[in-house]
Each structure stands twice: as structure tokens, then as C-alpha cells.
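First the structure, in the form of C-alpha cells, and then the observations on it.
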Amino acid sequence: MINCFAPPYTKENPTPEDLEAVRMTDGLHNRWWLDVVAHGHLPQDVLDTVENDWKVEINRRPGDEAILAQGKVDWLGFNYYQPTRVQAPDSKFDENGLPCISKPYIWPERKMNVYRGWEIYPKGIYDFGMKIKKECPDLPFFISENGMGVEGEEKYMDENGTVQDDYRIEFVRDHLEWIAKAIEDGANCLGYHYWGVIDNWSWCNAFKNRYGFVRVCLDDGYKRKEKKSASWIREVARTNEFE
């Protein structure tokens with residue numbers, strides 16, 4: 001299975017309510033999938049909260065547990081783009097009686113990809129790798145997606161028409177550095193797959209944000225032209241090292 005995971009974080013000095021927001025955010029957005037593919041069951045603490053605290057009846061059918069038990073996989077694809085930062089909600093239920101798990105927390109030190117509206121936090125890929133190692137020690141995984149979309153890359157072109165995307169090199173290098181540390185610390189990470197090698201069409205914004213190491217020239221017959229990052233990643237792949 002391949003899934004987008006986002007490690008949750010909260011304030012530096014959290015309240016018990018903040019930590020509860022982290023637990024349920026992790027439970028519903030990460031462990032809801034991770035526990036099935038690694039252990040063959042849904043997270044029991046989340047089910048208990050839903051049934052006992054939220055008073056929501058879960059419709060269990062005969063044979064469901066046996067089906068879930070068959071859901072274990074041989075390896076996991078971990079898509080990582082950004083963390084989730086949460087804090088305690090203002091109330092446990094909203095005006096419609098629906099449970100409130102958390103509300104967003106804005107980390108004062110965050111670094112943003114302003115073109116995508118996503119936080120850039122390379123250490124998150126390490127933290128979640130350590131989570132997989134701790135909670136699912138027999139589950140190999142690989143980074144199936146990780147990348148940086150930037151709008152209007154033409155403004156970074158040099159006189160030869162090559163996009164000087166040092167920001168992408170920095171992004172990939174920093175994430176690879178944390179993956180290497182995760183592997184050194186025992187994470188069973190098999191590899192890294194960048195999204196995407198060539199600028200691609202997005203369901204969300206057509207060709208507005210560009211992700212590739214290779215540019216698609218929309219104004220020149222869709223020709224392909226390497227960006228600065230292409231030669232950099234080629235050398236990294238060849239030598240398996242970088243400065």
C-alpha cells in the first residue's frame with residue numbers, strides 16, 4: 001500500500017488536551033491505515049474514543065475482523081510532503097454535535113513553500129520513519145513521494161534557458177539527509193522516489209506548480225529541458241552521496 005502520511009506535532013509545552021489532539025489526529029490520519037497493513041486491525045484506542053467518548057456506534061459485521069486480519073502488506077509506500085501541527089480544539093463538539101479532534105497550530109519557526117501553502121519540515125520524514133520502526137518493526141517501507149512544487153519557475157531561468165532551481169536541490173538534499181539518519185538509526189527504509197522526475201499535470205492546478213527535475217516547455221512544443229537539479233540528482237544517484 002502507498003499512502004500520504006503526515007506526522008503530527010503540537011506546542012512546545014503541551015497541555016493534556018493538546019496531546020490528546022495529537023493522539024487522535026495520528027490515530028485517524030496515520031494509524032487508521034498503518035495498524036491495518038502492519039498488524040491486521042484498526043487502532044483500538046481510537047475505536048474506544050469513538051464509541052465511548054463520542055457515543056458513535058460503529059457498525060461491526062460478522063467477519064470484519066477476519067477481513068482486516070488479511071490486510072497486512074509486505075511493504076509500505078510512505079508519501080511525505082508536510083507535517084500536521086495541531087492543538088486542542090476550543091470545544092469537544094461543534095454546533096452540529098460533531099466531534100472536534102483538534103484545531104490548527106501555527107509553529108512560529110515554520111518554513112513554508114509559499115507556492116503550495118505547505119510547510120517544509122524535512123525532519124518529519126525521519127520522525128515518521130522512527131514511528132514505523134517502533135510500531136511496525138517488521139514492515140519495510142520506502143519514500144514513494146516527496147517533492148517541491150513551485151509556480152512561475154521561468155523567473156529562475158539563466159541566459160541559457162536553464163531553470164536554476166537551487167531551492168529544489170536544497171529541499172531534496174535536506175530530506176535525503178534525514179532519511180539517511182533514519183536508516184542509520186534502524187529504520188527499514190528501502191529507498192526514495194521523488195515526485196516527479198518530469199513536470200506533470202496536476203488535478204489541482206494544471207501546470208501551475210512545477211515539481212520536476214526536467215522542465216516541460218509548454219511554449220515550445222512540450223520539449224523537455226533539464227533543470228539544474230537534474231544534473232545534481234543524477235550525480236547523487238550515481239555516487240550515493242552528496243555534500
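The structure presented is a predicted model; accordingly, all values stated were derived computationally and were not measured.
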Practice problem: Considering non-hydrogen atoms only, spot the tightest contact between Ala187 and Met130 and give its length. | Solution: CB-CE, 3.6 Å

Quiz item: If you round to the nearest 0.5 Å, how far is CD of Gln70 from CD of Glu65?
Solution: 12.5 Å

Quiz prompt | Heavy-atom closest contact (Glu17 atom, Ala88 atom, distance) | solution = CB-CB, 3.5 Å

Self-check item: Distance, nearest 0.5 Å, that separates CZ of Arg238 from CD1 of Ile233
Solution: 13.0 Å

Quiz item: Is Leu42 reachable from Val73 through a run of hydrophobic residues whose side-chain heavy atoms are each under 4.5 Å from the next?
Solution: yes

Quiz item: Should Arg234 and Glu226 count as an ion pair when the cut-off is N to O under 4.0 Å?
Solution: yes

Quiz prompt | Phe207 and Asn200: CA distance, side-chain angles, deciding distance, side-chain contact (heavy atoms from CB on, under 4.5 Å) verdict | solution = CA-CA 7 Å; Phe207 268 108; Asn200 62 294; 5.5 Å; no

Quiz item: Measuring from Glu145:CD to Cys4:SG, what's the distance to the nearest 0.5 Å?
Solution: 5.5 Å

Quiz item: Side-chain heavy atoms under 4.5 angstrom apart, residues restricted to Ile, Leu, Val, Met, Phe, Trp, Tyr: same cluster for Trp32 and Val56?
Solution: yes

Quiz item: Nearest heavy-atom pair of Ala38 and Cys136: which atoms, and what distance?
Solution: CB-SG, 3.5 Å

Quiz item: If you measure from NZ on Lys72 to CG on Asp35, what distance do you get to the nearest 0.5 Å?
Solution: 12.0 Å

Quiz prompt | Main-chain N/O of Thr15 paired with Asp18 side-chain donor or acceptor, under 3.5 Å | solution = yes

Quiz item: Counting N and O atoms only, with roles assigned by atom type, does the side chain of Lys155 sit under 3.5 Å from a partner on the main chain of Gly152, one being a donor and the other an acceptor?
Solution: yes

Exercise. Among Trp75, Tyr192, Phe78, Tyr80, find the one that has a ring-ring contact (aromatic ring centres under 6.0 Å, His included) with Phe142.
Key: Trp75

Quiz prompt | CZ/Arg61: more than 12 non-hydrogen atoms of other groups inside 6.0 Å | solution = no

Quiz item: Sub-3.5 Å donor-acceptor pair from the side chain of Asn52 to the main-chain atoms of Thr49, do we have one?
Solution: no

Quiz item: Can the ring centroids of Tyr9 and Tyr105 be said to lie less than 6.0 angstrom from one another?
Solution: no

Quiz item: Any donor and acceptor pair, going by atom type alone, linking the side chain of Asp26 with main-chain N or O of Val22 inside 3.5 Å?
Solution: no

Self-check item: pair Tyr156-Val150: side-chain heavy atoms closer than 4.5 Å
Solution: yes

Exercise. Determine whether Ile198 and Arg224 make a side-chain contact, defined as any pair of heavy atoms from C-beta on separated by less than 4.5 Å.
Key: yes

Exercise. Check whether any side-chain N or O of Asp199 sits under 3.5 Å from a backbone N or O of Gly212 as a donor-acceptor pair, and report yes or no.
Key: yes

Self-check item: Step-by-step salt bridge (charged side-chain N to carboxylate O under 4.0 Å, His left out) determination, Glu170 to Lys111
Solution: CA-CA 13 Å; Glu170 178 185 355; Lys111 176 183 177 183; 3.2 Å; yes

Quiz item: For the hydrophobic clusters of this structure (ILVMFWY residues joined by side-chain heavy atoms under 4.5 Å, transitively), does one cluster hold both Leu190 and Trp178?
Solution: no

Quiz item: Do the side chains of Lys131 and Asp127 get nearer than 4.5 Å, heavy atoms only?
Solution: no

Quiz item: Name the one of Lys227, Arg210, Arg215 that satisfies salt bridge (Lys or Arg N to Asp or Glu O under 4.0 Å) with Glu153?
Solution: Lys227

Quiz prompt | Test log, rule side-chain contact (heavy atoms from CB on, under 4.5 Å), inputs Phe213 and Val172 | solution = CA-CA 11 Å; Phe213 297 128; Val172 177; 4.3 Å; yes

Exercise. Check whether any side-chain heavy atom of Lys228 sits under 4.5 Å from a side-chain heavy atom of Asp166, and report yes or no.
Key: yes

Exercise. Give, for atom CD1 of Ile143 and atom SG of Cys189, the distance between the pair rounded to the nearest 0.5 Å.
Key: 4.5 Å

Quiz item: Mind checking whether Tyr81 and Tyr211 have parallel, tilted or perpendicular rings, split at 30° and 60°?
Solution: perpendicular

Exercise. Determine, stepwise, if the pair Trp33 / Phe5 fulfils ring pair (Phe, Tyr, Trp, His ring centres under 6.0 Å).
Key: CA-CA 9 Å; Trp33 318 104; Phe5 294 108; 8.4 Å; no

Self-check item: Nearest-0.5 Å distance, OG1 of residue Thr25 to CD1 of residue Ile101
Solution: 6.0 Å

Practice problem: Check whether any side-chain heavy atom of Phe93 lies under 4.5 Å from a side-chain heavy atom of Cys100, and answer yes or no. | Solution: no

Quiz prompt | Donor-acceptor pair, side chain of Asp94 and main chain of Leu98, under 3.5 angstrom | solution = yes

Quiz item: Distance-only, no hydrogens or angles: does the Ser229 side chain make a donor-acceptor pair with backbone N or O of Arg168 under 3.5 Å?
Solution: no

Practice problem: Spell out, yes or no, whether Phe171 and Val114 are grouped together once hydrophobic residues are joined by side-chain heavy atoms under 4.5 Å, including indirect joins. | Solution: yes

Self-check item: Distance-only donor-acceptor check, side chains Asp185 and Tyr126, under 3.5 Å
Solution: yes

Quiz item: Looking only at atom types and distance, does a side-chain atom of Asn146 sit under 3.5 Å from a main-chain N or O of Tyr194, one as donor and one as acceptor?
Solution: no

Quiz prompt | Side-chain heavy atoms of Ile120 within contact of Met148, under 4.5 Å | solution = yes

Quiz item: Run the side-chain contact (heavy atoms from CB on, under 4.5 Å) check on Lys133 and Asn188 step by step: do they pass?
Solution: CA-CA 7 Å; Lys133 174 196 171 187; Asn188 194 4; over 6 Å; no

Quiz item: Quick one: are Gln44 and Leu47 in side-chain contact, heavy atoms under 4.5 Å?
Solution: yes

Practice problem: For Lys92 and Glu20, run salt bridge (charged side-chain N to carboxylate O under 4.0 Å, His left out): C-alpha distance rounded to whole Å, both residues' side-chain angles, the deciding distance at 0.1 Å, then the answer. | Solution: CA-CA 11 Å; Lys92 289 188 176 182; Glu20 176 64 9; over 6 Å; no

Practice problem: Please name the residue in the list Arg23, His39, Met24 that meets the side-chain contact (heavy atoms from CB on, under 4.5 Å) test with Arg31. | Solution: Arg23

Quiz item: Does the pair Lys103 and Asp90 meet the rule for a side-chain contact (heavy atoms from CB on, under 4.5 Å), with working shown?
Solution: CA-CA 8 Å; Lys103 69 177 183 180; Asp90 296 324; 2.8 Å; yes

Exercise. Check whether any side-chain N or O of Asn209 sits under 3.5 Å from a backbone N or O of Arg116 as a donor-acceptor pair, and report yes or no.
Key: no

Self-check item: Residue pair Asp74 / Pro140: nearest heavy atoms and the distance that separates them
Solution: O-CD, 3.3 Å

Quiz item: Is the ring centre of Trp107 less than 6.0 Å from the ring centre of Tyr121?
Solution: yes

Exercise. May I ask you to check whether over 12 heavy atoms, not counting those of Trp232, lie within 6.0 Å of atom CH2?
Key: yes

Quiz item: For the side chain of Asp158 and the backbone of Asn160, is there at least one donor-acceptor N/O pair under 3.5 Å apart?
Solution: yes

Practice problem: Indicate the atoms forming the closest heavy-atom contact of Pro89 with Ser102, along with that distance. | Solution: CD-CA, 3.8 Å

Practice problem: Identify whether the distance between the nearest side-chain nitrogen and carboxylate oxygen of Arg85 and Glu109 falls below 4.0 Å. | Solution: no

Exercise. Mind listing the closest non-hydrogen atom pair of Lys225 and Cys217 along with its distance?
Key: CB-SG, 4.1 Å

Exercise. Could you tell me whether the side chain of Pro83 reaches within less than 4.5 Å of the side chain of Glu119, counting heavy atoms only?
Key: yes

Quiz item: Can you hop from Leu34 to Ile125 via hydrophobic side chains spaced under 4.5 Å?
Solution: yes

